[in-house]
Amino acid sequence: GKVAAQVAKDEAAAFAALASLAKIGTDDAGESILSLLAGSEGETRELAASAALAAAQRMEKDGRKGSAGKLRKAVAGADVPAHIKEAAED
């Protein structure tokens with residue numbers, strides 16, 4: 001009951017934060033995403049990995065390939081499903 005509701009609320013908050021960080025696409029936002037990627041598990045980690053890839057795409061459009069590569073490398077090395085790791089290598 002209450003625990004499941006709190007977890008769902010926390011995941012929704014994490015999703016909203018990750019989506020915002022991915023849109024921001026700065027190096028600081030990328031570091032925050034990497035912190036969540038490293039410090040979370042399960043669905044939240046997968047959301048963080050997806051946010052990292054979205055941020056990497058934004059960085060690449062802005063010509064910041066080094067920063068984008070750091071995010072992609074972190075996702076490729078994370079404990080996430082194969083389809084997410086493969087997206088990091090594109």
Side-chain angles (χ1 to χ4, degrees):
K2 287 185 180 181
V3 172
Q6 185 61 40
V7 168
K9 184 177 176 183
D10 291 347
E11 285 183 357
F15 177 75
L18 287 163
S20 295
L21 289 167
K23 283 183 182 176
I24 293 168
T26 63
D27 289 347
D28 285 343
E31 290 299 322
S32 295
I33 293 169
L34 290 179
S35 177
L36 282 167
L37 179 66
S40 62
E41 54 189 41
E43 190 172 329
T44 303
R45 181 181 292 151
E46 290 180 33
L47 292 171
S50 294
L53 295 178
Q57 287 179 331
R58 180 173 178 95
M59 290 172 175
E60 287 164 352
K61 285 181 184 174
D62 292 344
R64 297 189 340 255
K65 297 197 183 306
S67 296
K70 181 178 179 181
L71 290 175
R72 289 184 178 281
K73 184 176 180 180
V75 172
D79 182 16
V80 294
H83 70 277
I84 298 175
K85 287 183 182 229
E86 289 169 9
E89 296 170 3
D90 287 344

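Bear in mind the structure is a predicted one, so any value in this text is a computation, not a measurement. When reading the values below, keep in mind they use all heavy atoms of this one structure, side chains included, and skip hydrogens, waters and symmetry mates.
In this structure, R64 pairs ionically with D27, as a charged nitrogen and a carboxylate oxygen lie closer than 4.0 Å. Using a 4.0 Å cut-off between charged nitrogen and carboxylate oxygen, E89 and K73 do not count as a salt-bridge pair.
Qualifying salt bridge (charged side-chain N to carboxylate O under 4.0 Å, His left out) partners for E43, counting only residues two or more places apart in sequence or in other chains: none. Every residue meeting the side-chain contact (heavy atoms from CB on, under 4.5 Å) condition with A51, not counting sequence neighbours, appears here in chain and number order: L18, A22, I33.
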**Request:** Evaluate the side-chain contact (heavy atoms from CB on, under 4.5 Å) criterion for residues V75 and K85: first the C-alpha distance (whole Å), next the side-chain angles of each, then the deciding distance (0.1 Å), finally the verdict.
**Result:** CA-CA 6 Å; V75 172; K85 287 183 182 229; 5.6 Å; no
**Request:** Determine, stepwise, if the pair E60 / R72 fulfils side-chain contact (heavy atoms from CB on, under 4.5 Å).
**Result:** CA-CA 11 Å; E60 287 164 352; R72 289 184 178 281; 2.8 Å; yes
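Under a hydrophobic clustering in which Ile, Leu, Val, Met, Phe, Trp and Tyr are joined whenever their side-chain heavy atoms come within less than 4.5 Å, directly or via other members, V80 and L34 fall into the same cluster. Both L53 and M59 sit in one connected hydrophobic cluster of ILVMFWY residues. Membership requires side-chain heavy atoms under 4.5 Å apart, directly or through other members.
Panel note: side chain T44, backbone S40; no donor-acceptor pair is recorded below 3.5 Å.
In this structure, CD in E31 is found 12.0 Å from CG in L36, a value given to the nearest 0.5 Å. Expressed to the nearest 0.5 Å, how far CG of L21 lies from OG1 of T26 amounts to 8.0 Å.
Nearest approach of A78 to L37, heavy atoms of both residues: CB-CD1, 4.1 Å. Nearest approach of L71 to A55, heavy atoms of both residues: CD1-CB, 3.8 Å.
Listed by first and then second residue, the salt bridge (Lys or Arg N to Asp or Glu O under 4.0 Å) pairs involving residues 44-58 are R45-D79 (not counting sequence neighbours).
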